[in-house]
Amino acid sequence: MMCFKSGTPSGWRRHGTRLGSWVAISGLLLGVAACGTDDPSGGKIELTYRIWDKNQQPAMQQIVDRFQAAHPNIHVTIQLTANQEYWTKLQGDATGGSAPDVFWMNGPHAQLYASNGMLLPLSDQLKADGVDLGNYPSALTAIYSYQGEQYGIPKDFDTVGLWYNKKLFDAAKLKYPDDTWTWETVAEAARKLTDASKGVYGILAPPFNQENFYNTVFQAGGYVISPDGRSSGYDQPATISGLKFWTDLMKAGVSPSVKSMTDTYPAQLFESGKFGMYYAGSWNAIEFAKNDNIKNDVDVAVLPQGARRAVVIHGLANVVYGKTKHPKEATQFAEFLGSKEAAEIQAKTGAVIPAFKGTQEAWVSSMHQFHLRSFLDELPYAVPFPASKNTDAWMTKEATILGPAWSGDKDVAAAAKELATVMNTALREEQ
């Protein structure tokens with residue numbers, strides 16, 4: 001029996017976790033048991049495929065239908081699990097021996113699953129079948145590689161852009177953001193846009209990791225976790241500088257208070273039309289496009305640069321259960337899920353950016369009012385979402401420890417060093 005470290009239940013974001021700092025990653029498996037049985041009747045091989053997004057289910061069913069048409073001996077059943085219950089249900093099903101043959105995986109959980117034999121190693125079979133991992137962004141592929149072995153085939157990805165309200169920029173007689181913008185440009189624009197007496201603020205600066213401070217940490221030349229996975233980067237001067245970018249905005253009064261951004265989710269605040277800028281993901285595009293209050297008033301640009309250009313990339317991969325009774329067929333299905341044909345089906349929905357290179361144009365053109373190409377323009381300098389074997393052990397501490405620095409109750413350097421100490425302890429326990 002293989003044991004996983006427990007954690008706290010997760011909230012959900014685009015990829016099955018609330019990737020901002022405010023919600024923890026879920027606990028994982030307590031044990032592993034074999035799942036599935038051979039069909040005694042000699043009929044079709046039955047595979048199960050678990051996903052968590054009902055909005056993507058129609059596209060996933062189209063992909064399944066295409067696969068089954070080419071493999072008439074295989075039948076695939078999609079299992080839709082509610083977002084908030086995904087990881088908890090997977091834990092219980094695996095413990096009880098009924099884990100799905102193929103399922104969605106995210107970055108924060110990937111190493112833990114792989115290191116405990118929960119995922120089927122795919123490198124040799126991918127090579128034998130001619131699957132070229134060069135068809136996906138390298139930083140995304142790296143998230144699902146562990147100790148030189150590939151465990152996941154990228155499905156989709158997201159990056160973060162600088163969303164802005166054109167009406168507020170026009171009123172302040174400011175030029176719209178573009179690829180020449182720097183941290184200094186952002187701070188100056190935020191100051192000119194802010195009129196607290198009217199409830200107008202230049203920027204929303206919540207202590208979110210993927211959307212906010214992970215990006216500026218890398219832009220400052222810092223890091224969250226060392227390349228060998230053994231130490232935290234939060235006590236490094238460059239990393240602290242990346243955090244300070246946000247706490248300085250809070251001190252300058254160009255963002256609403258942490259309490260305001262807790263009482264009302266920042267994306268909803270941005271949709272009110274009273275906030276000039278918001279660092280948000282490609283996943284926000286559909287939400288903004290459906291909001292009549294702002295759909296024609298906002299747009300997006302690449303992230304401003306600090307000492308260097310950088311953006312965190314995250315995305316889903318399809319993985320094969322390590323104990324599946326049908327490894328050959330399950331791998332064939334996972335490979336098809338990562339194919340160009342499957343990516344083109346996904347792209348037409350506009351829900352996600354497909355990972356397969358050359359298939360993103362349908363997504364870019366799905367919402368013409370936004371410059372969605374910004375999210376693709378960032379790929380050359382994208383860095384993988386930070387993760388370790390037991391990511392939730394330290395990620396759940398980020399909001400608790402860094403929050404007081406955002407509210408002004410604690411020095412940011414002191415908070416960062418405290419987080420580094422806690423994180424280093426957690427990382428040592430992984431070894």
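Throughout, numbering of the chain's residues begins at 1 and tracks the sequence. What you see below is based on every heavy atom in this structure, not just the backbone, and it leaves out hydrogens, waters and symmetry mates.
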With a 4.5 Å limit on heavy-atom distance, are the side chains of Q305 and Q219 in contact? no

Residues passing the side chain to side chain contact (heavy atoms under 4.5 Å, CB included) test with Q62, sequence neighbours excluded, are I345

Taken to the nearest 0.5 Å, the spacing of L379 CG from I353 CD1 works out to 7.5 Å

Do S138 and T141 have a side chain donor and acceptor closer than 3.5 Å? no

Could you verify whether a donor N or O on one side chain and an acceptor N or O on the other, from Q79 and K89, lie under 3.5 Å apart? no

Salt bridge (Lys or Arg N to Asp or Glu O under 4.0 Å) pairs touching residues 333-355, sequence neighbours excluded, are R66-E341

Looking only at the side chains, is there a donor atom on one of D158 and Q210 sitting less than 3.5 Å from an acceptor on the other? yes

Side chains of I51 and L80, heavy atoms from C-beta outward: is any pair under 4.5 Å? yes

Please, which pairs that meet salt bridge (Lys or Arg N to Asp or Glu O under 4.0 Å) have at least one residue in residues 402-428, sequence neighbours excluded? K410-E418

Between atom CE of M60 and atom OH of Y49, what is the distance when rounded to the nearest 0.5 Å? 5.0 Å

Parallel, tilted or perpendicular for F356 and Y136, by the 30°/60° rule? perpendicular

Side-chain H-bond candidate by donor/acceptor type, Q125 with D129, under 3.5 Å: yes

Point-to-point distance, once rounded to the nearest 0.5 Å, from OG1 of T81 to CG of D53: 12.0 Å

Y381 side chain reached by V302 side chain, heavy atoms, under 4.5 Å: yes

Ring geometry between W163 and F375 (parallel below 30°, tilted from 30 to 60°, perpendicular above 60°): tilted

Qualifying residue for ring pair (Phe, Tyr, Trp, His ring centres under 6.0 Å) with W406, from F208, W246, F213: F213

Heavy-atom distance under 4.5 Å between the side chains of Y144 and Q150, does that happen here? yes

Can you pull the ring pair (Phe, Tyr, Trp, His ring centres under 6.0 Å) pairs that have at least one residue in residues 216-237, sequence neighbours excluded? none

Should the ring pair Y321 and F103 be called parallel, tilted or perpendicular, given that the plane angle runs from 0 to 90° and is split at 30 and 60? tilted

With sequence neighbours excluded, residues passing side-chain hydrogen bond (donor to acceptor under 3.5 Å, both in side chains) with S365: none

Can you list the residues that meet the side-chain hydrogen bond (donor to acceptor under 3.5 Å, both in side chains) rule with N212, with sequence neighbours excluded? none

The criterion is salt bridge (Lys or Arg N to Asp or Glu O under 4.0 Å); which residues satisfy it with E188, sequence neighbours excluded? R191, K192

Which residues pass the salt bridge (Lys or Arg N to Asp or Glu O under 4.0 Å) test with D377, not counting sequence neighbours? none

Hey, can you tell me if Y278 and F288 have their rings parallel, tilted or perpendicular (30° and 60° cut-offs)? tilted

Provide the full list of salt bridge (Lys or Arg N to Asp or Glu O under 4.0 Å) pairs with a residue in residues 356-365, sequence neighbours left out, each pair given once. E361-R373

If only side-chain N and O atoms count, and only distance matters, is there a donor-acceptor pair under 3.5 Å linking N291 with E287? no

Sequence neighbours excluded, which residues qualify as salt bridge (Lys or Arg N to Asp or Glu O under 4.0 Å) partners of D228? none

Starting at CG of L119, measure out to OH of Y113 and round the result to the nearest 0.5 Å. 8.0 Å

What is the ring orientation for F67 with H71, classed by angle as parallel under 30°, tilted 30 to 60°, or perpendicular over 60°? parallel

Determine whether a donor-acceptor pair (N or O, by modelled atom type, separation under 3.5 Å) exists between the side chain of S241 and the backbone of A220. no

Determine whether the side chains of T48 and D101 contain a donor N or O and an acceptor N or O closer than 3.5 Å. yes

Can you tell me which residue pairs pass the salt bridge (Lys or Arg N to Asp or Glu O under 4.0 Å) test with a partner in residues 234-247, sequence neighbours excluded? K244-D248

Is the ring pair F245/Y279 parallel, tilted or perpendicular, if the boundaries are 30 and 60 degrees? tilted

Roughly how far apart are L90 CG and W52 CH2, rounded to 0.5 Å? 10.0 Å

Atom pair CD1 (I153) and CZ (F336), whose distance is rounded to the nearest 0.5 Å: 12.0 Å

Does a donor on one side chain sit under 3.5 Å from an acceptor on the other, for S388 and W394? yes

Could you tell me whether the side chain of M423 reaches within less than 4.5 Å of the side chain of I225, counting heavy atoms only? yes

I'd like to check the side-chain hydrogen bond (donor to acceptor under 3.5 Å, both in side chains) partners of N55; sequence neighbours left out, ordered by chain and number. none

